[in-house]
Amino acid sequence: MSEHDGRPLTLRASVLLLVATYAAAVGAVELAPADRPVASWWPAAGIAVVLVACARPGRLAVPLTVAALVVVTAAANVTGGRPLDVATAFGAANAAEALVAGLVLRLGRGRAGGTPGLAGADDFVRLVLAALAGGATVAAGAALTVATLVPGGSPGEAAVSVLAAHAASTLVIAPIALAATTRRRPRGRSEELAVHVAALLVATLVVFSPAQSLPLAFVPFVLLAWAGLRFDLRTVTVELAGFAVLTTYVTDLGWGPLGNAADAAALGGLAAATLAQGYLVCAVLITLPLAIVVAQRAELLERIRSDGLLFRRNFTESLLGQVLLRAEGADLVVVDINDAAAAVLGAGRESLLGRDLGGLLVTPQSLPDLVVGLSTGRIRSWQSTVGVTGREGARVDVALAVIDRELDGGLVYSAQLLDVSREHSTRRQLEAAQKLTSATLDTTDALILVTDLSGRVVRVNAATTRATGYGETELIGRLVGETGLAPDSGDLDALFVWPNRSGAPVVREGEALTRSGERRRIVWSSNVVRDEHGFPAFGVMTGIDVTTERASAGLVSHLMQAPIGTALLGLSPEGCIEVVNTGAVQLLGHQPHEVVGRRFVDLLDREQLLARTGATDLRAAFAALVAEAGGGETRAREWTFVGGDGSPRVISVTLSATDPSLSTGVGYLCVGRDVTQQRRSQDMLAAALDKERTAVERLRALDEAKTEFVSTVSHELRTPITSIVGFTEMLQDGSVVEPLPEQLRLLETIARNGERLIALCNDLLMLSGLDSDDVTWRSEEVDLAACLGLVEDSVQPLLAGRDLTVTFETPTGPLHVLGDRPQLERVMVNLVSNAMKFTEDGGVVRARLSQEGDEAVLSVTDTGLGIPLDEQEDLFKRFFRSSTAHTEAIQGTGLGLAIVAAIVEAHGGRIRVRSAHLEGATFTVRLPLLHSGGPSRPVGDPGHRPVPA
Ligand code: ADP
């Protein structure tokens with residue numbers, strides 16, 4: 001099928017061709033030998049076939065052409081002198097031939113409805129078939145006509161002659177029209193053509209010269225083959241036509257090998273003209289296919305050349321970077337590269353040729369590995385985003401593939417490069433922006449839900465998942481209304497009125513149900529996010545959890561209504577009462593509605609207020625009160641308030657300024673307590689204290705009198721007793737008279753009791769001296785170790801008749817304290833003698849002196865009766881005697897320990913007891929060592945005394 005469909009014949013062209021048919025037919029009839037009923041050559045046949053083959057598409061063109069041909073051919077036959085019936089029959093046969101051959105040719109028309117072409121072997125075969133079919137048709141028609149209408153004519157001869165003439169005509173003439181659609185060979189061979197035409201002409205004339213009988217008829221074929229090889233199809237078809245005219249004409253003249261009668265006879269009696277037509281058929285069959293094939297090849301070459309050009313243009317002008325590469329070992333060497341690729345790689349084209357692609361790109365994968373993968377077919381192609389050596393921050397999409405072609409024995413690769421640096425950096429910026437958004441969303445404490453236009457959650461922040469307990473995946477994709485977090489549907493509708501034309505956020509407070517079923521109060525503020533065209537794109541709901549605030553607000557009102565006795569009044573910065581609690585209502589006797597909105601100062605006793613503040617009006621008075629608070633709190637002060645019933649009420653009030661940052665609307669808080677009762681109690685307390693003071697004073701006077709009395713009595717007693725004891729001793733030792741043995745016992749008793757009385761007197765005098773600070777202390781360096789040795793001696797008499805183990809432990813060296821030696825000995829004697837006195841026979845008493853740090857420690861331990869725990873508190877009080885001492889009837893005065901404690905105290909020491917009932921006792925005395933580094937106070941220094949509570 002031809003790719004170059006020609007245009008169908010116009011009416012004008014058809015008419016011209018009909019005229020040509022007529023002329024050619026007339027000429028052929030005229031030239032036809034008189035002895036034959038049919039013409040030996042019939043160029044009109046080829047023209048008629050062209051008329052049908054190239055007729056316009058449509059129903060009418062072909063039938064009309066055929067009808068016209070009948071008329072024209074018949075007319076030509078009539079003109080040529082043939083009878084009308086014969087002429088008409090020949091006309092019909094000719095038209096039938098044109099119809100058959102033309103229709104066969106029309107089968108090769110292009111789809112677009114053009115004319116048949118002569119572009120390939122198919123077309124040629126179709127042409128041959130058309131020539132044969134047409135020839136056969138007309139031969140049949142001619143034979144029938146001769147048989148029926150031409151008396152004496154030979155139908156067989158007519159058939160052969162017509163077949164040859166008409167087939168040759170179709171084969172020679174039709175190609176001129178069919179080849180018109182083929183491409184013309186570019187000019188440039190005109191000289192060769194001229195030489196060729198001359199050669200053909202000369203050869204033909206030589207071969208067909210008169211009386212030429214040599215069988216050289218094939219020579220022109222060589223020249224025709226030359227034409228077929230070297231010239232375009234149109235030239236060849238025209239040359240063939242010319243050659244046909246020439247050979248037909250000279251043969252008709254009787255020249256050449258075919259016109260030679262003798263040869264004709266040798267050829268089986270065929271007419272020379274018929275032979276000439278067969279000769280032409282052969283010429284066409286040899287030349288035309290050659291020309292067609294050569295033309296086809298030229299066409300193909302042309303197409304390939306233009307394809308190559310197209311490829312080259314595509315390669316060099318492509319906006320996509322293109323690189324051709326050849327594998328050299330592990331390297332991919334640039335063989336060709338276009339400008340776009342060079343720009344991507346940031347270098348000139350020339351400088352990149354011969355470079356290794358691996359050195360030009362920064363790839364995550366090893367390029368040599370890829371080359372191996374690609375060359376073995378393991379990888380078909382490779383695509384990635386890579387960096388460019390020397391172009392910081394550049395990103396390039398690269399696609400690498402093997403082209404199935406070998407260059408110098410190596411595989412050829414193609415690489416396509418696309419600079420995506422800008423997209424990459426834009427994406428990075430976008431990612432950074434998204435990260436920033438996420439970070440912002442996730443660091444805020446507010447709950448944030450982002451929804452699409454249908455109200456479905458598309459994003460939640462960390463605060464939301466934290467506060468609600470729902471995971472991100474549990475919320476995303478759900479309708480906001482179904483999450484249980486947002487307000488109920490009514491509120492939600494208000495939130496999602498698209499578009500929210502005012503652009504102002506919709507604020508609602510609602511209850512959110514967390515995953516664990518907890519209810520939280522959330523204030524949602526919702527708004528619409530618009531795209532760059534102003535159309536709504538997203539909904540953003542920002543929620544603040546106000547559960548605690550709401551709860552504390554409830555707590556505050558609860559507190560204000562709680563039945564407490566304290567009055568709380570919240571005052572505006574201007575001093576008007578804003579808030580009143582139940583306590584204030586009770587204390588003041590005013591109902592809340594009576595006082596809220598009134599000035600605070602109106603509730604106070606006016607006279608007192610003005611007098612205290614020194615102000616002339618109430619406004620100035622309030623200013624003075626506030627000034628006293630000075631941004632903090634006033635001291636508590638009693639103010640007289642005018643109660644609801646008009647009665648005065650004394651209330652202790654503090655006024656404090658509130659923190660302005662709380663913005664509660666309350667500027668000052670007044671806290672008041674009713675002190676009427678308290679005042680009464682205070683008065684009673686003062687009276688009681690006064691009474692007590694008087695009593696104490698009286699007691700002190702009594703005590704002093706008693707001390708004086710005891711002191712006087714002791715003093716007065718001691719002198720006579722001392723003389724009694726002295727005289728008794730004289731009586732005992734016989735300095736007056738030798739006593740009788742029974743008298744001696746009595747004298748001993750008198751002396752012992754006298755000693756005890758003296759000791760008692762001494763104790764009493766000591767105590768009264770301590771009471772009246774009338775004791776003279778000696779301050780000297782005392783070696784306690786030496787003292788304890790003396791004590792050991794002095795208590796020996798007490799052991800007489802007793803079964804007691806008494807041990808004394810003293811340090812090897814001296815232990816010096818600043819003190820009053822006799823008094824310190826008294827302490828030791830008293831403690832050791834008490835231990836012996838209150839320990840039954842068989843028991844143990846241990847006195848131990850040691851140094852602990854800068855203190856001398858004397859401990860006296862016994863295994864005796866001990867002191868009940870509840871009595872130990874009074875141990876060092878005067879006249880104390882334990883219940884055990886009473887029950888066991890152990891003698892004593894209860895003054896010893898009181899004196900011991902006083903002496904220890906006067907020395908700046910301490911005394912402690914550890915004991916339990918019937919489990920013995922340990923008395924420990926600690927005294928500051930002399931030269932211990934600390935200050936040494938003289939004995940009896942008031943600094944030694946414990947500070948009175
Ligand atoms: P007196 O020994 O003259 O009774 P003290 O003042 O020396 O007076 O002692 C007061 C009381 O303390 C004693 O009556 C005794 O009940 C109790 N007491 C003192 N030392 C001991 C001791 N070592 N063991 C048991 N009781 C003691």
Side-chain angles (χ1 to χ4, degrees), residues 707 710 714 717-718 721 752-771 775 788 791-792 794-799 802-809 822-849 857-906 909-926:
T707 308
V710 170
S714 306
L717 269 177
R718 196 166 60 166
I721 293 168
R752 197 173 64 245
N753 284 320
E755 293 287 352
R756 281 179 56 197
L757 270 174
I758 290 169
L760 178 62
C761 287
N762 283 343
D763 284 354
L764 284 170
L765 280 172
M766 175 77 185
L767 284 169
S768 78
L770 285 171
D771 284 346
V775 180
L788 192 60
V791 170
E792 185 177 355
S794 66
V795 296
Q796 285 306 319
L798 297 177
L799 277 173
R802 297 287 311 272
D803 174 20
L804 274 181
T805 309
V806 183
T807 62
F808 288 86
E809 291 171 36
Q823 298 296 1
L824 290 173
E825 280 176 12
R826 186 175 186 161
V827 168
M828 293 179 179
V829 169
N830 196 304
L831 293 178
V832 175
S833 62
N834 268 358
M836 292 163 75
K837 192 162 72 175
F838 293 104
T839 304
E840 286 160 337
D841 280 351
V844 177
V845 172
R846 211 178 67 187
R848 185 169 175 271
L849 184 65
V857 180
L858 169 72
S859 69
V860 181
T861 306
D862 63 55
T863 55
L865 300 173
I867 307 126
L869 220 53
D870 55 343
E871 297 175 16
Q872 287 177 15
E873 196 184 335
D874 299 327
L875 191 61
F876 298 101
K877 289 185 179 162
R878 291 168 195 187
F879 304 108
F880 167 76
R881 308 202 65 238
S882 71
S883 52
T884 330
H886 278 296
T887 7
E888 299 289 327
I890 297 168
Q891 285 189 342
T893 58
L895 292 176
L897 282 180
I899 292 169
V900 164
I903 294 169
V904 171
E905 187 183 292
R910 289 164 290 155
I911 182 164
R912 296 277 179 275
V913 67
R914 215 177 62 234
S915 174
H917 188 42
L918 299 177
E919 284 183 13
T922 297
F923 285 82
T924 308
V925 172
R926 291 171 182 273

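Just so you know, ligand 1 is whichever comes first in the structure, and atom 1 is the first atom listed for that ligand. These figures come from a predicted structure and were not determined experimentally.
A835 approaches V860 most closely through the heavy-atom pair CB-CG1, 3.9 Å.
No side-chain heavy atom of I867 sits under 4.5 Å from any side-chain heavy atom of T884.
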N/O pairs closer than 3.5 Å, ligand 1 and protein:
from: ligand 1; atom 1: 2 (O); to: N834; atom 2: OD1; distance (Å): 3.3
from: ligand 1; atom 1: 2 (O); to: K837; atom 2: NZ; distance (Å): 2.8
from: ligand 1; atom 1: 3 (O); to: T893; atom 2: N; distance (Å): 2.7
from: ligand 1; atom 1: 3 (O); to: G894; atom 2: N; distance (Å): 3.3
from: ligand 1; atom 1: 4 (O); to: R881; atom 2: NE; distance (Å): 3.0
from: ligand 1; atom 1: 4 (O); to: G894; atom 2: N; distance (Å): 3.4
from: ligand 1; atom 1: 6 (O); to: G896; atom 2: N; distance (Å): 3.0
from: ligand 1; atom 1: 6 (O); to: L897; atom 2: N; distance (Å): 2.8
from: ligand 1; atom 1: 7 (O); to: N834; atom 2: OD1; distance (Å): 3.3
from: ligand 1; atom 1: 7 (O); to: N834; atom 2: ND2; distance (Å): 2.9
from: ligand 1; atom 1: 8 (O); to: G894; atom 2: N; distance (Å): 3.1
from: ligand 1; atom 1: 14 (O); to: R881; atom 2: NE; distance (Å): 3.4
from: ligand 1; atom 1: 16 (O); to: S882; atom 2: N; distance (Å): 2.9
from: ligand 1; atom 1: 16 (O); to: S882; atom 2: OG; distance (Å): 2.8
from: ligand 1; atom 1: 20 (N); to: N834; atom 2: ND2; distance (Å): 3.2
from: ligand 1; atom 1: 23 (N); to: D862; atom 2: OD2; distance (Å): 3.0

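Salt bridge annotation for R756-D763: absent, with no cationic side-chain nitrogen under 4.0 angstrom from a carboxylate oxygen.
For the atom pair L858 CG and E809 CD, the distance stands at 11.5 Å (nearest 0.5 Å).
Using a distance-only test at 3.5 Å, with no hydrogens or angles considered, no donor-acceptor pair links the side chain of T863 to the main chain of G920. A distance-only check finds a donor-acceptor pair linking the side chain of Q872 to the backbone of S915 [under 3.5 Å].
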